2 protein chains.
Amino acid sequence: MRRPTIMDIAKAAGVSKGAVSYALNGRPGVSEGTRKRILDIASDLGWAPSNPARALAAGGRVGAVGLVVDRPSRSLGIEPFFMQLVSGIETELSATGVDLLLQVTEDTDTELAVYRRWASERRVDGVVMVDLRVDDPRPAAVRGLGLPAVLLGGPGGAGDLPCLYTDDSSSVREVVRYLAALGHRHVVQVSGPEEFAHTVDRGEAFREAADRAGLAGAYSVHSDYTGEAGARTTRRLLAAAERPTALVYDNDLMAVAGLGVAAEMGVDVPSQLSIVAWDDSALCRLVRPSLTAIGRDVVGHGRQVARMLGRVLEGEPVASQESSAGELHPRGSTGPLVVSHVSAVTSE
Amino acid sequence: MRRPTIMDIAKAAGVSKGAVSYALNGRPGVSEGTRKRILDIASDLGWAPSNPARALAAGGRVGAVGLVVDRPSRSLGIEPFFMQLVSGIETELSATGVDLLLQVTEDTDTELAVYRRWASERRVDGVVMVDLRVDDPRPAAVRGLGLPAVLLGGPGGAGDLPCLYTDDSSSVREVVRYLAALGHRHVVQVSGPEEFAHTVDRGEAFREAADRAGLAGAYSVHSDYTGEAGARTTRRLLAAAERPTALVYDNDLMAVAGLGVAAEMGVDVPSQLSIVAWDDSALCRLVRPSLTAIGRDVVGHGRQVARMLGRVLEGEPVASQESSAGELHPRGSTGPLVVSHVSAVTSE
DNA sequence: TTGAAAGCGCTACCAC
DNA sequence: GTGGTAGCGCTTTCAA
């Protein structure tokens, strides 16, 4: 039992292939009567368009977009960000019957190779890119490949790619002011790898905000988003002579790790140490104390970026858009600084 | 500048399209000399096969497989399992230039609709299925669609699908014996939704093992894998008159939530309560105390299941395979039961 | 409004 | 070995 083709429908309806194609695609060229008849027959036959055939025919789309995730696989599994993003992107795509190709890579070169393959083999109509880096070669590369793309991030360094970006600096300022108001002077930012553009942005915003708030003991250290590195970094910071009283992490994973290290070292949170996480996820609400975090609507961002890509594929001019800044959700991990450093009474 | 086609190569080489096709696909029909010449020209021209064309031509593959993930989106984002699985599947697929289509759905009906669409529109060559349920309609559905598939789970209830399955009962027994040896009598299993086949399996294995170990106060309660539900369930259990002394969770997310609830209720882990998580992920090592967990090689499972699907697509007969059982990683969340229920000295 | 026919890029079959 | 050629299922142009 072969899959029915438009030819089968044409025969059954006693019309030509062309007429069927017009009817099925809702475009002018057939009368309403014939259209309805054709549609009925198509549904009777259980017809569905062959995607390869559609893609092959003059200028057809392949009906798929790609997303490459380039992060160390250790942190990937646990990083809530991506699945949420994927979920959002798909919500939007599924409405138009477009599929999502997901690829996980180890480094930027491999990522570029994937784009090259997708473009040359005509696997996707366009891609969504994330995690813009300093001197990122990808905007130029996809441009060179003629591969339509939108970027979640930027807009600096994105070339002429349409971006969906957030102004993190206002969130950073909010956090710094909040911590300063709680009495913290010695605030340290545990940021992501310095090659990420948003890390650089947040770092600058942090220094600026700290200066403005008069926090002399504020500085940033780089880590790599994984729990292990977050733990290591935290251990070093808490073992220093001048122990920070507040830590701001660039993602929730490192923050959770930091919380664990604080517990392990007998540093009470929040009385001796306040912790702020960047990405807010269920994780932040699960641990104790729950983590104060800056939340973004990742699913919403996924939806919006998918919508932008959709418009790019339609050939419409798409301008970069700024999305709302992350919101601070104060929870149990932040509190007023307790001046005297009484060592915690551990329960033994 | 058009993409080069085999016709361009044929002209440049002064041969026919057919010859080029043979040469490019490494099959007999051309002499070694011409083959080499054709290959060189193809690479000079930067030729790459058009996937839609390949798929459309007689019996061609579309070179993509699908994975549908059907879980509440709240837990999804944070559930390390899937990204690891995806990562493993892709490692294997990328070697053969096959892409992965990922779709997140809300319920089984939507999942079935996705398979139907993928099959009828020829979007994928086959699918990987996970999370087998009791009376799962999917094996029969994909069979009816003629959609090649392999299942991670089963083999009971999988019909004639090739499965990659684990015998969880031995792991369950190991955990129960371990907890019993630590002096625990009142052990409760916080399992996933009862519609999942592996939940049923583990539940039975748990009861059996508990009986054999003489644990009178052992029983199971159902939860739904999300952190929220895990927390709620734990709260209820710890508030009961007969408080359990050990909890075994069906995934790491609920276990972390349970750990948080214990802290919140002043129940010390592990002196008053031992906690075991099922899926071992970085998360288990991040929290304090770190979680004793049963770890599986999820990435490895992904690779293997992808390999099995590959063989199915080759038309080879593929038998179900049993993968190694999960291993127990004892960490800080489990310990000997401290008999007297001294309420914890909280650090205040 | 309708029908016929020409590709899209590739594979596979046929004769040569 | 090799070179023509007929599709795969669809879209689209061009006549009728």
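Computed from a predicted model, the values in this text were never measured in an experiment.
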Quiz item: Between B/Ala57 and B/Thr34, which is nearer to the 5' end of DNA chain D once each is assigned its nearest nucleotide?
Solution: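 Nearer the 5' end of the strand: B/Thr34.
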
Sidechain N-carboxylate O distance under 4.0 Å for [X], [Y]:
X        : Y        : result
A/Arg117 : B/Asp99  : yes
A/Arg35  : A/Glu32  : yes
A/Asp70  : A/Arg138 : no

Do you know which two heavy atoms are closest between [X] and [Y], and how far apart they sit?
X        : Y        : value
B/Arg3   : B/Ser50  : NH2-CB, 3.4 Å
A/Ser323 : A/His301 : OG-NE2, 3.2 Å
A/Gly153 : A/Tyr165 : O-CB, 3.5 Å

Quiz prompt | Within 6.0 Å of CZ in B/Arg143, more than 12 heavy atoms from elsewhere | solution = no

Quiz item: For A/Asp135, does the CG atom have more than 12 heavy-atom neighbours from other residues, nucleotides or ligands under 6.0 Å away?
Solution: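 No, CG of A/Asp135 has 12 or fewer neighbouring heavy atoms, counting only those of other groups under 6.0 Å.
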
Base, sugar-phosphate, or nothing: which does [X] touch, judged by heavy atoms less than 4.0 Å apart?
X       : answer
A/Ser21 : base
A/Gly60 : nothing
A/Gly14 : sugar-phosphate

Among [options], the one nearest [X] by side-chain distance:
X       : options              : result
B/Leu56 : D/dT11, C/dA4, D/dG9 : D/dG9
B/Thr5  : C/dT11, D/dG4, C/dG9 : C/dG9
B/Val15 : D/dG3, D/dC8, D/dT11 : D/dG3

Quiz item: Just by modelled atom types, is the A/Arg133 backbone N or O under 3.5 Å from a matching donor or acceptor in the A/Asp136 side chain?
Solution: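 Indeed, once roles are kept as given, a pair shorter than 3.5 Å links the two residues.
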
Atom [atom1] of [X] and atom [atom2] of [N]: how far apart are they, to the nearest Å?
X       : N      : atom1 : atom2 : answer
A/Asp8  : D/dC10 : CG    : C1'   : 13 Å
A/Glu32 : C/dT1  : CD    : P     : 10 Å
A/Leu24 : D/dT12 : CG    : P     : 13 Å
A/Met7  : C/dA4  : CE    : P     : 9 Å
B/Arg54 : C/dC8  : CZ    : P     : 18 Å
A/Arg35 : C/dT2  : CZ    : C1'   : 13 Å
A/Ile9  : C/dT2  : CD1   : P     : 16 Å
B/Ile6  : C/dT11 : CD1   : P     : 6 Å

Quiz item: Out of curiosity, B/Leu67 CG to B/Phe82 CZ, how far, rounded to the nearest 0.5 Å?
Solution: 7.5 Å

Quiz prompt | From OG (B/Ser87) to CD (A/Gln103), nearest 0.5 Å | solution =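 These two atoms lie 10.0 Å from each other.
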
Quiz prompt | 5′-ward residue of the pair A/Lys17/A/Ser31 relative to DNA chain C | solution = A/Ser31

Quiz item: So what is the end-to-end bend of the helix from C/dT1-D/dA16 to C/dC16-D/dG1, with 5 pairs used at each end and the value given to 10 degrees?
Solution: 50°

Quiz item: Which residues, if any, of residues 114-126 of chain B bring a heavy atom under 4.0 Å of DNA chain C?
Solution: none

Practice problem: Scan residues 40-49 of chain A against DNA chain D and write down, sorted by residue number, each residue with any heavy atom closer than 4.0 Å; if none is found, say none. | Solution: A/Trp47, A/Ala48, A/Pro49

Quiz prompt | Check: D/dC10 base within 3.5 Å donor-acceptor of A/Tyr22 side chain | solution =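 Result: no qualifying N/O pair found.
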
Exercise. Using a 4.5 Å cut-off on heavy atoms from C-beta on, say whether the side chain of B/Val65 contacts that of B/Leu100.
Key: yes

